[in-house]
Amino acid sequence: MRVIPKDQVIFSFNPHNPNRYEVDDGETFWVETDDCYSGQIKDKTVLRPDIDISIMDCSVGPIGVKGAEPGDVLCVDVEDIQFAPQGVMVTSPGLGVLGNRITRADTKIIPIRGGFAFFSDTIQLPLTPMIGVMGVAPARGDVHCAIPGDHGSNMDTKIITIGSKVYLPVSVPGAGLALGDLHACMGDGELSGTGIETAGKVRITTTVIRGLALKRPVVETADSIYVIASAATLDEAIPVAVEDMTALLMKKKSLDFADAYRLLSATCDIQISQVVNDAKTVRVRAPKKNLGIESFYP
Ligand code: CA
Ligand code: ZN
């Protein structure tokens, strides 16, 4: 199986990045990634203010998927996520929701082994593997990999995990897929500004879907479908996600707007993915079983 190494990276998603790798439609492959600090924090003596932030938040790629054309949808099946033997969590003044409470920078190295993150001698966390950044080239603009949007990127959404399918709207030939920013553990919100940031590798299968209209990322898990929206504020992101889910219910259940809107209110949850990036990310969750929906696609 092909392994895409981490030496070709992008720092922003744009339509003009040349594809650095090419895979087949339907191919399964591994992608290796550094952590979000590009491996600069190897031990606790390296503090967040000391590192070169210009090489933070890079993503491995772009990976061109043969046959993908603007207007198509790229489905990324996340099959496995494996981690390096340690992760890092920094705190630094201004970082995260209560960054004003942090007076000095501090770095915590967190060993990872046997399916656990060893946060301290007494606190061992089962891993909750996730991919922080996964995106495709947008139709226009030049969007830093730290900023999520309709093209995906830094959504920091914990349900982008092993077993999930991530649907992304294709805007350029080949799609220009890139990913990185793996987290061994992260809770909704990413409240202190970081997950357990860890290098590693992911095994994915990329499939091109034609004839499916999609404006923004959708994630499907075994029991749920999520629509994901990012905007400058949560208040702006919420109605975008709610509109997308209402449209999805109209289509899947053959309902008019008012009835789909009621069904959404009766069954779906608004959830926060992250509140610490330059754009905030929310998702609306639809429970597949209760709604009698087998899958997002077909
Ligand atoms: Ca992130
Ligand atoms: Zn991260």
Side-chain angles (χ1 to χ4, degrees), residues 6 9-13 31-42 46-48 51-61 76 78 81-84 86-92 94-97 99 105 107-110 112 117 119 125 127-136 143-162 164 166 168 177-202 217 219 228-232 234 237 271-283:
K6 60 187 176 187
V9 298
I10 56 170
F11 296 95
S12 62
F13 286 88
V31 183
E32 296 179 336
T33 85
D34 257 327
D35 63 29
C36 69
Y37 307 113
S38 300
Q40 294 179 90
I41 303 181
K42 293 194 174 11
V46 183
L47 303 178
R48 170 73 170 68
I51 64 172
D52 178 359
I53 58 165
S54 75
I55 60 167
M56 261 186 70
D57 294 313
C58 63
S59 303
V60 177
V76 181
V78 180
I81 301 174
Q82 295 183 4
F83 295 111
Q86 70 177 30
V88 58
M89 290 192 88
V90 301
T91 48
S92 192
L95 194 63
V97 172
T107 292
K108 187 179 182 85
I109 298 293
I110 299 173
I112 295 169
F119 187 84
L125 304 172
L127 300 185
T128 55
M130 56 163 285
I131 303 171
V133 175
M134 180 188 288
V136 292
V143 191
H144 195 279
C145 293
I147 302 172
D150 292 355
H151 63 299
S153 189
N154 195 15
M155 297 182 283
D156 283 320
T157 294
K158 70 181 189 184
I159 42 106
I160 299 180
T161 184
I162 300 164
S164 301
V166 182
L168 297 163
L177 174 70
L179 60 84
D181 188 28
L182 306 184
H183 299 151
C185 298
M186 194 197 94
D188 276 339
E190 200 178 18
L191 297 170
S192 84
T194 89
I196 299 182
E197 307 291 332
T198 316
K201 59 181 184 176
V202 303
V219 178
I228 297 184
S230 301
L234 290 176
Q271 300 176 342
I272 291 173
S273 289
Q274 60 77 24
V275 291
V276 292
N277 298 332
D278 279 353
K280 315 300 182 240
T281 304
V282 302
R283 56 186 191 260

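Small disclaimer: the values here were computed from a predicted structure and weren't measured. Just so you know, ligand 1 is whichever comes first in the structure, and atom 1 is the first atom listed for that ligand.
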Colleague: Less than 2.8 Å away from the Zn ion (ligand 2), how many protein N/O/S atoms can be counted, ignoring water?
Modeller: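 With waters ignored, the protein N/O/S count below 2.8 Å is 4.
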
Colleague: Could I get the full list of salt bridge (charged side-chain N to carboxylate O under 4.0 Å, His left out) partners for Lys6, not counting sequence neighbours?
Modeller: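 Result, salt bridge (charged side-chain N to carboxylate O under 4.0 Å, His left out) vs Lys6: Asp34.
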
Colleague: Under the 3.5 angstrom rule, does the side chain of Gln86 hit a backbone N or O of Lys42 as a donor-acceptor pair?
Modeller: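 Here the side-chain-to-backbone pair exists.
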
Colleague: Hey, could you give me the CD1/CD1 distance between Ile109 and Ile196, rounded to the nearest 0.5 Å?
Modeller: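 Output value for this atom pair is 11.5 Å.
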
Colleague: So Ile228 and Arg283, side chain to side chain contact (heavy atoms under 4.5 Å, CB included) or not? Walk me through it.
Modeller: CA-CA 4 Å; Ile228 297 184; Arg283 56 186 191 260; 4.1 Å; yes

Colleague: Quiz question: by atom type and distance under 3.5 Å, do the side chains of Ser273 and Thr281 form a donor-acceptor pair?
Modeller: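 No.
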
Colleague: Checking side chain to side chain contact (heavy atoms under 4.5 Å, CB included) for the pair Ser54/Phe11: CA distance, chi angles, key distance, verdict?
Modeller: CA-CA 8 Å; Ser54 75; Phe11 296 95; over 6 Å; no

Colleague: Counting only protein atoms, how many N/O/S atoms are less than 3.0 Å away from the Ca ion (ligand 1)?
Modeller: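 With waters ignored, the protein N/O/S count below 3.0 Å is 4.
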
Colleague: Can Asp156 and Asn277 be counted as having a side-chain donor-acceptor contact under 3.5 angstrom?
Modeller: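 Yes, a side-chain donor-acceptor pair sits under 3.5 Å.
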
Colleague: Taking only residues two or more places apart in sequence or in another chain, which ones pass salt bridge (charged side-chain N to carboxylate O under 4.0 Å, His left out) with Lys158?
Modeller: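 Listed in chain order: Asp188.
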
Colleague: Could you walk me through whether Ile81 and Ile131 pass the side chain to side chain contact (heavy atoms under 4.5 Å, CB included) test, one step at a time?
Modeller: CA-CA 8 Å; Ile81 301 174; Ile131 303 171; 3.9 Å; yes

